[in-house]
Amino acid sequence: MEIYKIELSDFGNLFRMDPAKLSDQELLSLDFILHRAWKHKRDGGQVRFGNKSWSFEDLINLHALVRKEMSRRAFQHTIKDELDDQTQPFLKAAEELAPVYPSGIQLGREITLGEVLSQIKSFYAHPIFAWIVGGLANWGKTKGDIDILWWATPAIPEYFKKILEFRFGRQFKDGEIAGRVQHHLNFFQGPFTKAVPIYALKVERINSEGEIKAAGEGIVIKEAAVMPDPLEMVWDEAAKGWTIPQSWLSDKAASIADDLRSASAEFIAQAEASAKEDAVKLFRFFIPLKPTKGHKPDEPQTVDNFLKFFKDEDFPVYSSKKFDGADYVIFRDADRVQMISEDGRDNTERFPQIVEALKKLPVARFAILSEVERWDEDNHLPRETVTAYVNEASEPDDSDFVANVYDVVFFESETAKPGDIHKLPFVDRLKYLGALGFPQSTDEPPDLDLKLNLVPHYPAGNKEELKKETGRLRRLEGSEGNVAKAHRFIYNLENKPSGMVKFHNAAILKGIVTEVKETKTPEVFNFFYGLDFEDVEVPQETIRDVKGKRYHEIGTTFSTALKAKKGDIVEVEFETLNISRDLQKGTIAVTAWAPRVLSVSSQGKPMTVSEAIESAEKGLVLQEKEITEDGETIFKGVRQAFGSYGGKRFLAHRIASYIPYHKTYIEPFAGGAAVFFAKDHSPNLDFRRGLIC
């Protein structure tokens, strides 16, 4: 077995048998190996079953079956890690969906088209079309793969494509069918003439679900109720992929395509109604509006590029800290409160203390927007800890959470009943926001006992003032940057670009390409890339050889049309650099979040791990965590070594923002060193050697 790869077929029957048929010891061993494989893959290694590579979804799928069987046998599951957290939602859905079957199932009996179509159900996703193509579409039966073609443009996020593949496969109760499905994202290898459409814009069955006139080997395709007329595919030059004539789509379906986000049918229907009527109603979900990115696709995220998005008539522009939390739509009518996540999940029961605080506000009827954050006292915890909490099966305890309210779109009090106010300019909505009577309004670490926080907004009269405010806000504890709103900004319910623009903290590193992978879209690539690690100890499984020298591979980039070859240098912008220190092994692993390729060059050299960390620290995007000898993950602040009673910890970033440019900085009475670690490095700081001048 190679060091950088775990081969699951080496473990005998553990990965070939239904977990329900394993012995007690085999079941426990399988659970342990799955957790080991998850960590191995998270660290950049490969997990394979023969000639197939296992994805994170495959590991979650099998782990869900193992957990279910362990519960049936009354076994206690003791390993608590990210894999266990990610499995929880699928345990809850076990009664609604068919069992999950992981990769590795061999091709076998002949599967008919009617057998497949009769099991395909509707579900909601992004505006992506899908067809059955290949032999199954042309001849109605196949002994090979079941080819599914999705029209997934480059603008569709990669994780949504993965959701579609995963959710599609789970609906087949026959594991052999699920194992033979092959997904093609806007690209098909091999000739074909016909396609059977199966999903429209809402990924909704074109035929009645499960309806079929005949079954079995003798099915007559043209007489089967589940068999739509095959359509001739056409080549879309603009999209560089096979598609269907646009005349096939109804105008109504096309008009709602861009609005679909949530996986919940109920909340999608509510969001569609809100957008169609252009109206906010209490307890009717609408898609939270996302700010426009403050840079063009080919530009880095800089303050100057962010400022270009505002015109003179937009001022005053109101700046606010970009909170690192989860977006929620919150409704209240007297004692009834509902908290719905941006992806359409009702998580009200997970936040009992926040709900009680909302009930105590002096205004009884409202709809507000909020970023729910998690804190460990005055240490901000990343967004992933919020997601992990809402997916847990534990008893609700939101004592370390706070709801940061940043907008209001419906307001009714005893003295004022304007109702739906989303069409009012932001400067007017701010007045209603202040009238809600929140117990605190701060950019600093909040009082968690109060549960609610009104997001402060700071007016800027021109671009120079906006630039200064952005520089201050981006340095605050837990801040990702600045979300700025033109005074006339209208909250639209169609989630279209508006007068709300965000600047996101980011940094740039230079890495070396360790492998090039072409995506299923021709001429679009992902690059595996790495850093020089001569100054630190890194996990063995992350080490890759390029031209006779070893590098620490830190992940893959976002898809890009830029071309590169192994050994080239890529300039990558990222929004978070994660440092994971394994105290037991004494190693450091680095990964970059949202790695966007800016340029490719055959010249130059990659950064060292320490240089990348220094770049992330200067860009205010460094996140450090430690894995203790007990396997516990601890998130650590990266700016302050320790605190002191009565110190400047809460004001450190604000104080640092007033320190002028300098070449040397000395703080003889540093105390807890809060200001020292909050300020930017002096030019004389040698990070690699640990010398501070």
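Taking all atoms of both residues into account, the shortest heavy-atom contact from Val600 to Leu562 is CG2-CB, 4.1 Å.
Comment: Glu614 engages Lys618 in a salt bridge, judged by a side-chain N to carboxylate O separation of less than 4.0 angstrom. Using a cutoff of 4.0 Å between basic side-chain nitrogens and carboxylate oxygens, Arg596 and Glu575 are not scored as salt-bridged. Taking the charged nitrogens against the carboxylate oxygens, Lys311 and Asp314 have no contact shorter than 4.0 Å, which rules out a salt bridge.
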Exercise. Determine, step by step, whether Asp343 and Ser341 satisfy the side chain to side chain donor-acceptor pair (under 3.5 Å) criterion, reporting the C-alpha distance in whole Å, the side-chain angles of both residues, the deciding distance to 0.1 Å, and the verdict.
Key: CA-CA 5 Å; Asp343 59 350; Ser341 65; 2.3 Å; yes

Practice problem: Could you give me the CA-CA distance, side-chain angles and deciding distance for Glu469 and Asn482, then say whether side chain to side chain donor-acceptor pair (under 3.5 Å) is met? | Solution: CA-CA 8 Å; Glu469 196 59 51; Asn482 180 10; over 6 Å; no

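To the nearest 0.5 angstrom, Asn505 atom CG is 5.0 Å from Phe503 atom CZ. Here the CG atom belonging to Leu361 is positioned 5.0 Å from the CZ atom belonging to Phe366, to the nearest 0.5 angstrom.
A side-chain N or O of Asp278 and one of His422 form a donor-acceptor pair less than 3.5 Å apart. Side chains of Thr576 and Gln623: no donor on one and acceptor on the other come within 3.5 Å. Counted by atom type alone, Asn526 and Ser559 present one or more donor-acceptor pairs between their side chains at under 3.5 Å.
With Ser615 contributing its side chain and Ala507 its backbone, the two residues share no donor-acceptor pair below 3.5 Å. Counting only distance, with no hydrogens or angles, the side chain of Lys485 and the backbone of Ile490 share no donor-acceptor pair below 3.5 Å.
Other residues, nucleotides and ligands contribute only 12 or fewer heavy atoms inside 6.0 Å of the CD atom of Glu537. Within 6.0 Å of the CD atom in Glu313, the count of heavy atoms belonging to other residues, nucleotides or ligands exceeds 12. When the shell of 6.0 Å around NZ of Lys463 is examined, it contains more than 12 heavy atoms from other residues, nucleotides or ligands.
Considering only heavy atoms from C-beta on, Glu477 stays 4.5 Å or farther from Asp378 through its side chain. Under the 4.5 Å side-chain criterion, counting only non-hydrogen atoms from C-beta, Phe286 is in contact with Val409.
A side chain to side chain donor-acceptor pair (under 3.5 Å) with Thr514 is found for exactly one of Lys566, Glu553, His552, namely Glu553. The residue from Arg383, Lys321, Lys502 that alone fulfils the side chain to side chain donor-acceptor pair (under 3.5 Å) condition with Glu480 is Arg383.
In this structure, the ring of Phe323 has its center no less than 6.0 angstrom from the ring center of Tyr406. Between Phe489 and Tyr318, the distance from one ring center to the other does not fall under 6.0 angstrom. Aromatic ring centroids of Phe426 and His457 lie under 6.0 Å apart.
Between Tyr389 and Phe401, the two ring planes are tilted [angle within 30° to 60°]. Between His380 and Trp375, the ring planes are perpendicular. Angles over 60° get that label, and only those under 30° would be called parallel.
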